[in-house]
Amino acid sequence: MKAGLPMATSGLKIGLLGGSFDPAHSGHLHISKVALNRFGLDRVWWLVSPGNPLKAHGPAPVEIRLAAARMASDSPRIIVTDIETRLGTRMTADTIAGLRHLYHDVNFVWLMGSDNLCQFHRWDRWREIARSVPIGVLARPGSRNAARHAPAAQMMRRWRLPQAEAATLVTRKAPAWVLINLPMTPESSTAIRKRNGMIRGRKDT
């Protein structure tokens, strides 16, 4: 095991929530807790990325974002990590491949908001991601309906599970995905940066 990576024993069910977390906020915490409950997970790992390839401008330094994320998390089951920095990966497909190589017997599920499902077809090697791990999609304000009709959702529709089977997702063989509804919070990193006068021409993803 590479130094600094989180420990995970065989059979654990772990949700992976990637993003810039610039900054982490109550919305991240909310969907993580819902994912723990609805998908029957043991842990959620926040993968604080070195930078988002889909954003034109870089985020705050990763050390600052990690510290803020650790302050934002109030659950011992939510683990804040710099896995992508330690693995030297920037693309989700590479990160997932690296984690599956290191953690052979751990059950991973990739977590994303419905806003990210709307642009999932733009991600590098998104089909490879879908074939590698089950995907849990959590509804976000203003994108729930659009996500259902997004290009990637349409192309993956045969592998979509009903919400009633969400707890089985993490042990399903990929491709498998589910979109779950949940009480929503409108908080976003972009809104926080605007309030704090930190906006630098970025769009939140």
Side-chain angles (χ1 to χ4, degrees), residues 1-2 4-21 28 31-32 34-36 38-54 77-140 147-148 150-163 165-180 205:
M1 185 65 59
K2 290 175 69 72
L5 292 181
M7 297 296 296
T9 56
S10 177
L12 275 183
K13 301 173 182 177
I14 297 176
L16 304 172
L17 183 64
S20 57
F21 294 91
H28 294 126
I31 66 173
S32 297
V34 170
L36 284 165
R38 295 289 298 275
F39 299 134
L41 303 175
D42 300 302
R43 304 280 189 277
V44 169
W45 290 355
W46 286 2
L47 311 183
V48 180
S49 66
N52 188 326
L54 294 183
R77 298 170 65 195
I78 298 173
I79 312 300
V80 178
T81 80
D82 58 352
I83 282 174
E84 290 186 312
T85 298
R86 294 182 182 275
L87 294 182
T89 59
R90 292 177 66 88
M91 300 297 183
T92 298
D94 296 325
T95 300
I96 291 173
L99 289 174
R100 293 181 69 211
H101 175 73
L102 290 169
Y103 300 91
H104 302 286
D105 300 317
V106 171
N107 299 300
F108 288 117
V109 57
W110 185 261
L111 305 174
M112 68 167 69
S114 54
D115 50 341
N116 274 319
L117 180 58
C118 291
Q119 61 167 357
F120 188 39
H121 63 286
R122 294 174 53 204
W123 289 24
D124 181 67
R125 289 167 288 156
W126 73 269
R127 291 179 177 85
E128 179 181 327
I129 297 170
R131 290 193 298 266
S132 298
V133 290
I135 299 172
V137 184
L138 301 109
R140 291 282 293 148
R148 292 192 179 100
Q154 292 300 304
M155 285 182 266
M156 298 191 299
R157 61 184 179 275
R158 63 180 291 192
W159 296 292
R160 182 180 175 185
L161 303 177
Q163 288 195 66
E165 297 179 21
T168 72
L169 177 69
V170 70
T171 54
R172 295 269 186 155
K173 183 179 180 180
W177 68 286
V178 63
L179 170 61
I180 62 170
T205 59

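Numbers here are sequence positions counted from 1. As the structure is a computational prediction, the values presented were derived from the model and not from experiment.
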Practice prompt. Please indicate whether His104 has more than 12 foreign heavy atoms, meaning atoms of other residues, nucleotides or ligands, lying under 6.0 Å from its NE2.
Written response: yes

With side chains defined as the heavy atoms from C-beta onward, is the minimum distance between [X] and [Y] less than 4.5 Å?
X: Ile135; Y: Met112; answer: yes
X: Leu16; Y: Ile14; answer: yes
X: Val137; Y: Trp177; answer: yes
X: Asp94; Y: Arg125; answer: yes
X: Leu87; Y: Leu102; answer: yes
X: Asp82; Y: Val48; answer: no
X: Met156; Y: Pro175; answer: no
X: Arg38; Y: Leu169; answer: no

Nearest non-hydrogen partners of [X] and [Y], listed with the distance:
X: Ser32; Y: Ile78; result: CB-CD1, 3.7 Å
X: Ala147; Y: Ser114; result: CB-O, 3.5 Å
X: Cys118; Y: Ala150; result: CA-CB, 3.7 Å
X: Ala152; Y: His121; result: CB-N, 4.0 Å
X: Ala174; Y: Pro134; result: CB-N, 3.9 Å
X: Trp110; Y: Val133; result: CB-CG2, 3.8 Å

Side-chain donor or acceptor of [X] paired with backbone N/O of [Y] under 3.5 Å:
X: Thr89; Y: Thr85; value: no
X: Arg148; Y: Leu179; value: no
X: Arg157; Y: Gln154; value: yes
X: Asp105; Y: Gly11; value: no

Item to complete: Any chance you could lay out the ring pair (Phe, Tyr, Trp, His ring centres under 6.0 Å) test for Trp45 and Tyr103, step after step, and finish with the verdict?
Response: CA-CA 13 Å; Trp45 290 355; Tyr103 300 91; 5.3 Å; yes

Practice prompt. For Val109 and Asn107, run side chain to side chain contact (heavy atoms under 4.5 Å, CB included): C-alpha distance rounded to whole Å, both residues' side-chain angles, the deciding distance at 0.1 Å, then the answer.
Written response: CA-CA 7 Å; Val109 57; Asn107 299 300; over 6 Å; no

Rounded to the nearest 0.5 Å, how far apart are [atom1] of [X] and [atom2] of [Y]?
X: Leu111; Y: Asn116; atom1: CG; atom2: CG; result: 11.0 Å
X: Thr95; Y: Ile83; atom1: OG1; atom2: CD1; result: 8.5 Å
X: Met91; Y: Glu84; atom1: CE; atom2: CD; result: 10.0 Å
X: Met7; Y: Leu12; atom1: CE; atom2: CG; result: 10.5 Å
X: Arg140; Y: Asp115; atom1: CZ; atom2: CG; result: 6.0 Å
X: Thr81; Y: Trp46; atom1: OG1; atom2: CH2; result: 11.0 Å

Worksheet item: Is there a donor-acceptor contact under 3.5 Å linking the side chains of Trp123 and Thr92?
Response: no

